Amino acid sequence: MSALEEHAENIEVVPVRHPGRIVAGVAMLVLFLMFLHTLISRIPDPQTGAMIWRFRWNIIGQYLFSSLIFHGLLLTIELTVAAMAAGIVLGVVIAVMRISHSRLLSAPAAGYTWFFRGTPVYVQILFWFAAGTLYPTLTLGVPFVHLTVFTFHLNHLTAVEAGIVALSLNEGAYMAEIARAGLISVDEGQMEAASSIGMKRVQTLRHVVLPQAMRVIIPPTGNEVISMLKTTSLVSTIGVYELAGVANNISAQNFENVALLETISIWYLAVTTVLSIGQFYLERHFAKGSSRATPETPWQRLRSDVRGIRSKWRLLPTGMTR
Amino acid sequence: MSEVMVQSIGLAKSFGSNEVLRNINMEVRRGEVTCLIGPSGSGKSTFLRCINHLEKHDRGELLVDGVMVGYDLRNGKLYERTSSEIAEARSNIGMVFQRFNLFPHLTALSNVTIGPVKVRGMSSSDAKERATELLRRVGLEEKAEAYPSQLSGGQQQRVAIARALAMDPKLMLFDEPTSALDPELVGEVLDVMKDLAKSGMTMIVVTHEMGFAREVADSVYFMDQGIIYESGDPQEVLVNPQSDRLKSFLSKVL
């Protein structure tokens, strides 16, 4: 009879202790409380000597819901949505071109990515704002005969339009790489199976490859949306009054730079939070049929955490075992 | 309607300098079950994939139901077929893969309906009715709403067979359909295939299941290094091998 079997009835399992974790946890808690204190502390005003909020909460309160900031926020969201929508469409098209067997399609796609990823988005924004001097008008027509389908006046481009064009074209290059990663992540057997039931290339892409690629494409795309939200602040340099532009404008008048940066940071954080939640549920949707369990929603996780804690503290009804 | 379903004359295929198929001659009659056996790397799967043009053959002639695969002979010239002509031809040939290749984002039922709906333009209610009937035929009616990841290998392969049958194929190709399965799941897939053979389906099966070949096949071809060494009645070929290669192969697999 083994030593374990001898005590088989009433044996207690002692979990390993982690004293290091407790020390680190306490240290983190102290640092966090210290940070909280700075948030609510007051310091003397450098000019007047009067005690004021270190974080200028009063100024933030004054501007956070002001109509100026609100209009800026709206424009920021519009820029983000427009640039991402165009960027995603452009990216998927370029990714499909990139994996084409024809060099005439794949080479331009590679060139596009090379160019728009290789120059700063800041420079691209300034460029499109000034592009009218390079190509005053773009005309779609039949070459060598005077037949015009439409004309696009680059020299009449507003700052907002130039910003959207620049951000979209830049985003297209990054989205192309993300979409390509998604497309090549789908097993080749899937294409063969689709071919074997007579599906054409476009049908295969649409009904078989893309839905599976989405699982790979969505997390980095969520990242791109969040990144775009903040990159739109660069178009303030060409005179677009989105969130950062508005803040700049206000602080040029009242010299409360830091307070306004805090104000818009709060808004950027708020929108990012909403976007992250959206991304979470989108990922859950496209995880259908995945061999891994779909991630728990925060509410489900809270409930299972509570269950875990209850079982740890042995608050289970008698008769149940851990 | 041709009496011969598949005819291969002097078929050859290379991957770079590697000659995978050299001079394959084969004739499969309508309603017959043909098994291709041979060691791995012998070219069996490549030959099977040539039949529905997943691979392009380099030389020789390949006819399915009297129609040339991949090319069209007109005015003394061979015209390469367009991708939509090839897709149309493939829709009449069912294929079952070693690794199932079910669409993981679709339920078992949707895996079966997607072909008829998207390729044939069948209404989704008709397709569902037909798919349910096919799933019943492979014994998986109650798994219609399950995703592939929730099914065992054997169940997945039976759904894959139903998916192929949904296109009403005149010919079914099986590429080692039981090689990726746990031993206890092989039987359920072979049973479905036996039923299919009994119903008169023309089948070409690449397999290592010698018992299946002996019991079900009308003819067996033994392939090695891209050449057919022996062929004929399974009783003859499997019980009374002539070549040393087949003898040594059979001594390893039986």
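When reading the values below, keep in mind they use all heavy atoms of this one structure, side chains included, and skip hydrogens, waters and symmetry mates. Quick caveat: nothing in here was measured; it's all calculated off a predicted structure. In what follows, chains carry the letters A, B, and so on, assigned in the order in which the sequence lines appear, proteins first and then strands, with residues in each chain numbered from 1.
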Determine whether more than 12 heavy atoms belonging to other residues, nucleotides or ligands lie under 6.0 Å from atom [atom1] of [X].
X: R81(B); atom1: CZ; value: yes
X: K170(B); atom1: NZ; value: yes
X: E188(A); atom1: CD; value: no
X: K194(B); atom1: NZ; value: yes
X: F115(A); atom1: CZ; value: no
X: E129(B); atom1: CD; value: no

- Q190(A) versus chain B, heavy atoms under 4.5 Å apart: side chain, backbone, both or neither? both

Checking the side chain of [X] only, and the main-chain atoms of [Y] only, is there a donor and an acceptor separated by less than 3.5 Å?
X: N101(B); Y: A193(A); value: no
X: H105(B); Y: V209(A); value: no
X: E88(B); Y: G198(A); value: no

- Task: Quick one: closest heavy-atom pair of I197(A) and V119(B), and the distance?
- Result: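 Scanning both residues completely, I find the closest heavy atoms to be O-CG2, 3.5 Å.
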
Residue part contacting chain A, namely of [X], when any heavy atom lies under 4.5 Å:
X: S83(B); result: neither
X: M95(B); result: both
X: L102(B); result: backbone
X: F103(B); result: both
X: I93(B); result: backbone
X: P104(B); result: both

Going from [atom1] on [X] to [atom2] on [Y], what distance comes out if it is rounded to the nearest 0.5 angstrom?
X: H207(A); Y: L106(B); atom1: NE2; atom2: CG; value: 10.5 Å
X: K200(A); Y: S91(B); atom1: NZ; atom2: OG; value: 9.0 Å
X: R201(A); Y: S84(B); atom1: CZ; atom2: OG; value: 13.5 Å

- Pick from R120(B), H53(B), R49(B) with the largest number of heavy-atom pairs that fall under 4.5 Å of chain A: R49(B)

